[in-house]
Amino acid sequence: MPDQHIYRGRFAPSPTGPLHLGSVFTALASYLQARSCNGKWLLRIDDLDTPRNIKGSVDSILRTLDNLGLYWDESVAFQSQSIDYYHEILDRLNKDKRIYPCRCSRKVQTTARYTGFCRDNQFNLDIPHAYRVKTDGSVISFIDELQGSMIYPIDEQGDFVLKRKDQIIAYQFAVVVDDHLQMVNHVVRGYDLLDSTPRQLYLQKLLGFKTPVYMHVPVIIDDAGYKLSKQTKALPVDLIKSNDVIFGVLLLLKQNPPNGLQRATVTALLDWAVAHWNPMALKSCKAINNECLT
Ligand code: GLU
């Protein structure tokens, strides 16, 4: 049983392609935060959204992290190994009437506040349906280590999906269960996930799980202002020399690595970065333009 008092952080990439600069930015931030707290840094592959998974990505992600000297602790976790456990929890929530089947269209599910239309709508369960959690009027508040105090009425998004109509376990639910299973107590991830956090806090409370400490780091954007991603054709980092990647990402992280380290090995760079890690350089920052490596 891992020691709960020790910092346990994680990096949780989805296997949708090779790691690009934006994902390495998040990986390095979470790695440095964990290592500078003498903590564990775990790796989880978020592989539930099977239509988006790309063959070969897991190997490529592990190889890239290895080449960058970002060694993780414990064995790699895969969400797909917890499918039975997610269903066990869903069955329990269903019995307790905390979730309900919903056959509303995807458009209603993702673009608007869900009005609860299916809460009392009995229908034949042979019809494809999702499962939504009943939300109440509570106001969720938490302090993000970089973005400050967040206050969020859960009602703003309404009842949200825990299991999708295509039978895939939804991100909001999976991530809460995974962080609990891995006993993660610190989450460092991209700013784009900040508005998911209140829903995750809501679920943690419902399930009696502990809430980790959150730090949402800026996302890296291109010149057109778009978040680097596979969709925006971000360059895989394994095309760039590993020490140049780490040096460049340390610049993006506003850590000011000394010029003398430009030719240093990744080990020397990471040792320096752990010793000098100052996440507050990113305080209140939401996005950073990728001006260091292209
Ligand atoms: N798998 C998610 C992603 O690649 C990250 C999940 C999380 O950090 O909560 O964006």
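We count ligands from 1, going down the list as the structure has it; atoms in each ligand are counted the same way. These numbers come from the heavy atoms of this one structure, side chains and all, not from hydrogens, waters or symmetry mates.
Ring pair Y131/H129: centre-to-centre distance below 6.0 Å. Aromatic ring centres of H186 and Y7: separated by under 6.0 Å.
Of all atoms in ligand 1, numbered sequentially from 1 with element shown, those under 4.0 Å from a heavy atom of Y171 are 6 (C), 7 (C), 9 (O). Ligand-side atoms of ligand 1 in range of R189: 7 (C), 8 (O), 9 (O), range being under 4.0 angstrom from any heavy atom. Within ligand 1, the atoms closer than 4.0 Å to a non-hydrogen atom of V175 are 9 (O), numbered from 1 in the order shown.
The number of heavy-atom neighbours closer than 6.0 Å to NZ of K134, taken from other residues, nucleotides and ligands shown, is above 12. Taking a 6.0 Å sphere around CD1 of I127, one finds it holds more than 12 heavy atoms contributed by other residues, nucleotides or ligands. Within a 6.0 Å radius of CZ in F117, no more than 12 heavy atoms belonging to other residues, nucleotides or ligands are found. The number of heavy-atom neighbours closer than 6.0 Å to NZ of K241, taken from other residues, nucleotides and ligands shown, is 12 or below.
With hydrogens left out, the protein atom closest to atom 10 (O) of ligand 1 is L193 CD1, 4.2 Å, a heavy atom. What sits closest to atom 7 (C) of ligand 1 on the protein, heavy atoms only, is R10 NH1, 3.3 Å. For atom 4 (O) of ligand 1, the closest heavy atom belonging to the protein is S14 OG, 3.2 Å.
Close N/O approach between D46 and ligand 1 is found [any backbone or side-chain N/O within under 3.5 Å]. Residue A12 has at least one N or O atom closer than 3.5 Å to an N or O atom of ligand 1.
Under 4.0 Å from ligand 1, not a single heavy atom of H216 appears. Looking at V187 against ligand 1, nothing comes within 4.0 Å, counting heavy atoms.
The minimum heavy-atom distance linking A12 with R10 is given by the pair CB-NH1, 3.8 Å.
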